[in-house]
S.K.: 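Input: one structure, supplied below.
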Amino acid sequence: MKRYKYQYGGDASQWGELFLPELPADGEHRGVVVVIHGGYWRSQYGAELGEPIAQDLAAHGMAAWNLEYRRAGNGGGWPNTFCDVLAGIDKLQDLAATHALNLGPVVALGHSAGGHLAAWAAGRAKLAQLGMPEPDGQVSRRQDATAVHLTGVVSQSGLLNLAEAERLNLSNGAVGNLLGGPSSKYPQRHRYADPMTTLPLAVPVIAVHATDDDTVPRSQSEAYVDAGTAARMGTRLISVPGDHFDLIDPKSPAYRTCRELVQSLLG
């Protein structure tokens, strides 16, 4: 296994680390898994949460990009966290030739708040069509052929229904903290940042939820999958044993299910 760290911007938190298995016989890595860590978008949680997962994915033959981004408390929040996630994914285009990456399939594996960011990023092609020019203009991103579009998402107890997460006051106001204020003050910003808004997507989103999760309620995954299914989108909800953090423990059955799902989406 080899690992390479790259900046995608000038900030200390704008980086990713690429974990690569040995090159296959055809001389290129078939797809990339973008690992997006959680932590309720707060700065005290970082990419160290995703590193064991990225290492495990590479050990099982998959190229993995462990993505760091600015979070609320260290220059992130609205709109920078959103800009960073898209820019970090797009960085793969710049690395493809150097590392023989075939970007045909690019699948995101996102845990908790990372699940939110992964599902949101999967809807990037629809953002400009939402009829919200003010927030859309604030999220700078590539909109040409160099943009990297996700071809699938595995959400691990993700925060997939932002409006409900705000209503439930999850993690002591984490949604308002991310978006710079409540939805009563910034209604368009909240809708724009909510993965529910861009449903249905043209790519599959599989919501995995831990049965004993007391950090993110199961209703977050259920609402997204129910809405996606009603709109005839490729989505499903899978329950796995364990708690919120078993999903990112490479030794746990819950995580192994996620790894197998990612492999299936890579094809």
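For clarity, every value in this text was computed on a predicted model and none was experimentally measured. Numbering starts at 1 and runs along the sequence shown. The figures that follow rest on heavy atoms only: side chains count, while hydrogens, waters and symmetry mates do not.
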S.K.: Closer than 4.0 angstrom, basic N to acidic O: yes or no for D84 and K91?
M.R.: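 No, D84 and K91 are not salt-bridged.
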
S.K.: Using 0.5 Å steps for rounding, measure from the CZ atom of R141 to the CG atom of L86.
M.R.: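 So the CZ of R141 and the CG of L86 are separated by 7.0 Å.
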
S.K.: Are any non-hydrogen side-chain atoms of L150 and V106 less than 4.5 angstrom apart?
M.R.: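 Heavy-atom side-chain distance check passes, below 4.5 Å.
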
S.K.: Which residue pairs satisfy the side chain to side chain donor-acceptor pair (under 3.5 Å) criterion with at least one member in residues 118-133, sequence neighbours excluded?
M.R.: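 Found D90-R124.
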
S.K.: Closest approach of N80 and G76, non-hydrogen atoms and distance?
M.R.: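 So the minimum-distance heavy-atom pair works out to CB-CA, 4.1 Å.
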
S.K.: Looking at S112 and G158, would you say the former's side chain and the latter's main chain have a donor-acceptor pair under 3.5 Å?
M.R.: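 Pair absent, no side-chain N/O of S112 close to backbone of G158.
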
S.K.: My understanding is that only residues two or more places apart in sequence, or in another chain, count here; which of them pass side chain to side chain contact (heavy atoms under 4.5 Å, CB included) with A202?
M.R.: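 A202 satisfies side chain to side chain contact (heavy atoms under 4.5 Å, CB included) with no residue once adjacent residues are dropped.
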
S.K.: May I ask whether V154 and L49 are part of the same hydrophobic cluster, defined by side-chain heavy atoms of I, L, V, M, F, W, Y residues being less than 4.5 angstrom apart, directly or through others?
M.R.: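 Looking at the clustering, L49 is in the same group as V154.
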
S.K.: Quick one: do L247 and C258 satisfy side-chain contact (heavy atoms from CB on, under 4.5 Å)? Show the steps, please.
M.R.: CA-CA 8 Å; L247 290 161; C258 297; 4.0 Å; yes

S.K.: For L201 versus V205, what's the shortest heavy-atom pair and its separation?
M.R.: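 What the structure gives for the nearest pair is CD1-CG2, 4.0 Å.
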
S.K.: Kindly indicate whether the side chain of Y40, heavy atoms from C-beta on, has any atom under 4.5 Å from the side chain of N172.
M.R.: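 Not in contact.
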
S.K.: What residues, two or more places apart in sequence or in another chain, satisfy salt bridge (charged side-chain N to carboxylate O under 4.0 Å, His left out) together with E260?
M.R.: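 Scan of E260 (salt bridge (charged side-chain N to carboxylate O under 4.0 Å, His left out), adjacent residues dropped) gives none.
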
S.K.: I need the minimum non-hydrogen distance between P241 and A254, along with the two atoms involved.
M.R.: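 It is O-CB, 3.3 Å.
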
S.K.: Who are the salt bridge (charged side-chain N to carboxylate O under 4.0 Å, His left out) partners of R236, not counting sequence neighbours?
M.R.: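 Scan of R236 (salt bridge (charged side-chain N to carboxylate O under 4.0 Å, His left out), adjacent residues dropped) gives none.
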
S.K.: Using distance only, find each side-chain donor-acceptor pair of residues 59-68 under 3.5 Å and give its atom names and separation, not counting sequence neighbours.
M.R.:
| unit_1 | atom_1 | unit_2 | atom_2 | d |
| --- | --- | --- | --- | --- |
| H60 | ND1 | D56 | O | 2.9 |
| H60 | NE2 | R259 | NH1 | 3.4 |
| W65 | NE1 | G88 | O | 2.8 |
| N66 | ND2 | A47 | O | 3.0 |
| E68 | OE1 | H37 | NE2 | 2.7 |
| E68 | OE1 | R71 | NE | 3.4 |
| E68 | OE2 | A47 | N | 2.8 |

S.K.: Hey, what do you get for CD (E28) to CG (L23), rounding to the nearest 0.5 Å?
M.R.: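 CG of L23 is found 9.0 Å from CD of E28.
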
S.K.: I want to check something: taking the side chain as every heavy atom from C-beta on, are E164 and Y224 in contact at a cut-off of under 4.5 Å?
M.R.: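 No - every pair of side-chain heavy atoms lies 4.5 Å or more apart.
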
S.K.: Atom OG in S155, atom CD1 in I238: separation rounded to 0.5 Å?
M.R.: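 The distance works out to 11.5 Å.
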
S.K.: Taking only residues two or more places apart in sequence or in another chain, which ones pass side chain to side chain contact (heavy atoms under 4.5 Å, CB included) with T197?
M.R.: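 L130, M132, R191, D194.
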
S.K.: So which heavy atom on L266 is nearest to which on P105, and how close?
M.R.: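 It is O-CG, 3.6 Å.
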
S.K.: Write down the atom of G173, the atom of R42, and the distance for their closest heavy-atom approach.
M.R.: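 Smallest interatomic distance, heavy atoms only, reads C-NH2, 4.2 Å.
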
S.K.: Report the residues that fulfil side chain to side chain contact (heavy atoms under 4.5 Å, CB included) with R218, sequence neighbours left out, ordered by chain and then residue number.
M.R.: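 Partners of R218 by the side chain to side chain contact (heavy atoms under 4.5 Å, CB included) criterion, ordered by chain and then number, come out as H209, E222, L237, S239.
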
S.K.: In chain order, what residues pass the salt bridge (charged side-chain N to carboxylate O under 4.0 Å, His left out) check against D246, with sequence neighbours excluded?
M.R.: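 Checked D246 against salt bridge (charged side-chain N to carboxylate O under 4.0 Å, His left out); zero matches.
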
S.K.: When you compare the side chain of W78 with that of Q138, does any pair of heavy atoms fall below 4.5 Å?
M.R.: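 Touching, per the 4.5 Å side-chain cut-off.
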
S.K.: Kindly indicate, with the supporting measurements, whether the criterion side-chain contact (heavy atoms from CB on, under 4.5 Å) is fulfilled by L92 and V34.
M.R.: CA-CA 9 Å; L92 292 170; V34 181; 3.8 Å; yes

S.K.: For D11, give me all partners under side-chain hydrogen bond (donor to acceptor under 3.5 Å, both in side chains), at least two apart in sequence or on another chain.
M.R.: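 With neighbours one apart ignored, the set is empty.
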
S.K.: Strictly by ring-ring contact (aromatic ring centres under 6.0 Å, His included), give each pair with a member in residues 3-27 just once, sequence neighbours left out.
M.R.: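 Matches after skipping sequence neighbours: Y4-H99, Y6-H99.
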
S.K.: With a sphere of 6.0 Å drawn around CD of E48, does it hold more than 12 non-hydrogen atoms of other residues, nucleotides or ligands?
M.R.: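 Atom CD in E48 is crowded, with more than 12 foreign heavy atoms closer than 6.0 Å.
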
S.K.: Report whether I206 and V216 are members of the same hydrophobic cluster (ILVMFWY, side-chain heavy atoms less than 4.5 Å apart, transitive linking).
M.R.: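 Shared cluster, no.
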
S.K.: Considering non-hydrogen atoms only, spot the tightest contact between I36 and A108 and give its length.
M.R.: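 In terms of heavy atoms, the two residues are closest at CD1-CB, 4.5 Å.
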
S.K.: Rounded to the nearest 0.5 Å, how far does OH of Y69 lie from OG of S43?
M.R.: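 If we round to the nearest 0.5 Å, S43:OG and Y69:OH are 11.0 Å apart.
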
S.K.: How about Q44: does its CD atom have over 12 heavy atoms from other parts shown lying under 6.0 Å from it?
M.R.: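 Counting neighbours around CD of Q44, more than 12 heavy atoms of other residues, nucleotides or ligands fall under 6.0 Å, so yes.
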
S.K.: Are side-chain heavy atoms of I248 and Q156 found at a separation under 4.5 Å?
M.R.: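 In contact.
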
S.K.: How many angstroms lie between atom CG of N161 and atom CE of M196, to the nearest 0.5 angstrom?
M.R.: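 Nearest 0.5 Å value for the CG-CE distance: 4.5 Å.
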
S.K.: Just distance, no hydrogens or angles: give the donor-acceptor pairs under 3.5 Å from side chains in residues 174-190, sequence neighbours left out.
M.R.:
| unit_1 | atom_1 | unit_2 | atom_2 | d |
| --- | --- | --- | --- | --- |
| S183 | OG | E166 | OE1 | 2.7 |
| S183 | OG | E166 | OE2 | 3.3 |
| R189 | NH1 | L179 | O | 2.7 |
| H190 | NE2 | G181 | O | 2.8 |
| H190 | NE2 | S183 | N | 3.2 |

S.K.: Report whether L117 and L265 are members of the same hydrophobic cluster (ILVMFWY, side-chain heavy atoms less than 4.5 Å apart, transitive linking).
M.R.: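 Shared cluster, no.
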
S.K.: With sequence neighbours excluded, tell me which residues meet salt bridge (charged side-chain N to carboxylate O under 4.0 Å, His left out) with D212.
M.R.: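 Checked D212 against salt bridge (charged side-chain N to carboxylate O under 4.0 Å, His left out); zero matches.
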
S.K.: Would you check if the side chain of Q14 reaches a backbone N or O of Q7 as a donor-acceptor pair within less than 3.5 Å?
M.R.: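 Pair absent, no side-chain N/O of Q14 close to backbone of Q7.
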
S.K.: Which distance, rounded to the nearest 0.5 Å, do you find between the CG of L103 and the CG of L95?
M.R.: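 Separation between the atoms: 9.0 Å.
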
S.K.: Kindly work out whether a path of hydrophobic side-chain contacts (I/L/V/M/F/W/Y, heavy atoms less than 4.5 Å apart) joins V148 to V153.
M.R.: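 Yes, it is one cluster - the side chains of V148 and V153 are joined through contacts under 4.5 Å.
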
S.K.: Do V262 and V85 sit in the same hydrophobic cluster, where Ile, Leu, Val, Met, Phe, Trp and Tyr count as joined when their side-chain heavy atoms come under 4.5 Å apart?
M.R.: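 No, it is not one cluster - the side chains of V262 and V85 are not joined through contacts under 4.5 Å.
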
S.K.: Do N74 and S13 have side-chain atoms, one donor and one acceptor, less than 3.5 Å apart?
M.R.: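 Yes, S13 and N74 have a side-chain donor paired with an acceptor closer than 3.5 Å.
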
S.K.: Angle class for the W41/H116 ring planes (parallel below 30°, perpendicular above 60°, tilted otherwise)?
M.R.: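 Plane angle over 60°, so perpendicular.
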
